[in-house]
J.: 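Would you mind keeping the following structure in view while I ask a few things?
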2 protein chains.
Amino acid sequence: MRLLLVEDERELADALSAALSKHGIVTDHTIHLADAFELTRQNSYDAILLDRRLPDGEGLTFIPLLRRAGADTPIIVLTARNEPLERVEGLDVGADDYLGKPFLVEELMARLRAVLRRPPSLTELQITVGRMLIDPLHLSVTVGSIPFDLPRRELLVLVALAKRKDKTVLRTTLEAAVYNYEEEIQSNALDAHISRLRKRLLDAGAGVAIHNIRGVGYLLKEE
Amino acid sequence: MRLLLVEDERELADALSAALSKHGIVTDHTIHLADAFELTRQNSYDAILLDRRLPDGEGLTFIPLLRRAGADTPIIVLTARNEPLERVEGLDVGADDYLGKPFLVEELMARLRAVLRRPPSLTELQITVGRMLIDPLHLSVTVGSIPFDLPRRELLVLVALAKRKDKTVLRTTLEAAVYNYEEEIQSNALDAHISRLRKRLLDAGAGVAIHNIRGVGYLLKEE
DNA sequence: GTCTCCGTAATGCTGCCGCAACCTTAGCGG
DNA sequence: CCGCTAAGGTTGCGGCAGCATTACGGAGAC
């Protein structure tokens with residue numbers, strides 16, 4: 001196993017490298033972001049450990065750079081900047097985990113193992129259908145780069161359909177996506193949402209259509 | 001997006017459910033581990049939020065149970081037991097993340113998104129015959145990557161045949177696949193469906209043919 | 001208060017599907 | 001090779017299940 005460690009505190013870096021090597025992990029170490037990017041191009045790492053405050057900038061900027069280059073290498077951010085909102089920031093630019101300093105090497109190892117258990121591939125963060133752009137994780141929708149707000153239930157229907165665009169989505173699947181097991185439905189509430197959603201999509205010129213497959217379910221398609 | 005929340009503090013659970021629902025997340029809630037396991041068998045969750053101290057035992061014991069049952073649903077442990085070594089324990093039995101109480105909902109959301117970016121490698125069961133791609137679970141069919149929707153009964157016939165492609169399917173088997181025990185048939189309705197299905201397959205250029213085995217049943221083959 | 005969301009129910013419509021009548025084909029005996 | 005029989009194939013038709021739409025009222029947010 002081979003890691004890239006991007007960290008400017010020499011002492012910590014050395015100690016960490018030594019500790020990891022006892023677990024059979026080979027570590028490449030660099031201080032600068034620029035070097036880090038170069039190293040990822042030349043080598044293939046199983047994971048990357050990333051500090052935030054670095055001599056040549058904010059470590060987090062490295063993540064979108066790497067992702068855009070097509071790399072899905074797991075990234076764990078290691079930093080003293082450990083406020084909850086800072087953690088949110090780090091995770092939302094694409095980090096897989098976020099660990100505040102100081103930490104136990106044992107915890108880092110455990111988080112590494114957890115991250116490496118997951119398959120390497122990344123889901124599409126955005127789905128495009130017609131003139132719509134859908135982010136299923138943030139549940140945001142834009143039509144032609146204009147934000148497109150819709151009621152919660154309609155939004156859930158749309159996202160569920162978009163995740164399987166051009167494929168049928170069973171009626172039961174849609175119901176499961178929109179209601180929990182306590183919320184009983186005794187009417188055609190789902191149909192009503194579909195109807196209202198259709199109208200909104202039409203008005204917004206979203207360039208998509210929701211088709212019904214009688215007795216089976218629905219299907220989202222470009223027009 | 002649908003979550004299972006296993007948590008015994010009613011107040012926290014309600015507050016969390018409400019907060020998550022504002023983020024468009026549908027939550028099923030239970031207090032007991034036994035119920036939790038049952039719910040995972042009946043529903044398909046995008047992720048599970050798990051407390052440790054529960055009335056019927058240590059929450060962590062749920063994880064190996066679930067994993068052994070073949071589910072790779074992401075699990076985030078939410079607990080007041082937040083010592084580093086307790087975190088290691090949680091992660092190493094198979095949790096994907098570990099968040100100490102109290103926490104910001106925003107952080108939970110960010111960690112959820114991080115975990116969901118790496119989708120469980122679901123072995124999507126698909127059957128290919130001729131130019132057709134058939135997904136028997138979602139009941140969806142495509143011909144040359146173009147969605148091919150057909151009436152429910154014909155769809156059921158096709159899927160039943162595809163599941164045993166190149167092998168004969170008994171007439172009675174087909175009837176069982178298409179009709180439930182309440183729906184009696186007193187005519188050649190099945191033959192009619194086969195006929196209409198054949199026409200549609202031909203028109204769509206599906207590259208398959210339904211053969212009849214006289215007195216026995218039918219058989220789906222590539223042309 | 002005002003506004004939006006959402007479940008309910010009434011209404012109208014669409015097209016699936018069971019039926020049955022009729023046609024085609026396979027299998028077999030002479 | 002012919003013709004009979006039974007199984008399978010095709011097609012039009014009518015009934016009705018399932019879907020679409022919309023108005024209404026309650027509930028909750030601000």
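Excluded from the calculations below are hydrogen atoms, water molecules and symmetry mates; all remaining heavy atoms, backbone and side chain alike, are included. Per chain, numbering begins at 1; letters A, B, ... match sequence-line order. Note that the structure is a prediction, hence the values are computed from the model and not measured.
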J.: Atom CG of A/N188 to atom P of C/dG7: distance rounded to whole Å?
T.: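 These atoms are roughly 11 Å apart.
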J.: Rounded to whole angstrom units, what separation is found between the CZ atom of A/R196 and the C1' atom of C/dC5?
T.: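 For the pair A/R196 CZ and C/dC5 C1', the rounded distance is 8 Å.
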J.: Quick check on B/R53: does its CZ atom have over 12 non-hydrogen neighbours (other residues, nucleotides or ligands) under 6.0 Å away?
T.: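 Count not over threshold, so no.
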J.: Between B/K199 (NZ) and C/dC17 (P), how many Å, whole number?
T.: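 So the two atoms are 17 Å apart, to the nearest Å.
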J.: Between A/L190 (CG) and C/dG7 (P), how many Å, whole number?
T.: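 Atom CG in A/L190 sits about 10 Å away from atom P in C/dG7.
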J.: Return whichever of B/H193 or A/D149 has its heavy-atom-nearest nucleotide of DNA chain C closer to the 5' end.
T.: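 Between the two, 5'-proximity favours A/D149.
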J.: How is A/R153 classified with respect to the nucleic acid when contacts are heavy atoms under 4.0 Å: base, sugar-phosphate, or nothing?
T.: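 If one applies the 4.0 Å heavy-atom cut-off, A/R153 turns out to touch the sugar-phosphate alone, with no base involved.
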J.: Between atom CG in B/L197 and atom P in C/dC16, what is the gap in whole Å?
T.: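 To the nearest whole Å, that distance equals 13 Å.
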J.: Tell me if the side-chain of A/N212 makes a donor-acceptor pair with the base of D/dA20, cut-off 3.5 Å, by modelled atom types.
T.: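 Not at all, since no donor on one side and acceptor on the other fall under 3.5 Å apart.
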J.: Starting at atom CD of B/E154, determine the distance to atom P of C/dC17, rounded to an integer number of angstrom.
T.: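 Rounded to whole Å, this separation is 7 Å.
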J.: Which part of the nucleic acid, if any, lies within reach of B/D191 when heavy atoms closer than 4.0 Å are counted: base, sugar-phosphate only, or nothing?
T.: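 Touches a base.
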J.: Using heavy-atom distances to pick each residue's nearest nucleotide on DNA chain D, tell me which of A/I213 and B/K22 is more 5'.
T.: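 Mapping each residue to its closest nucleotide by heavy atoms, the 5'-most match is A/I213.
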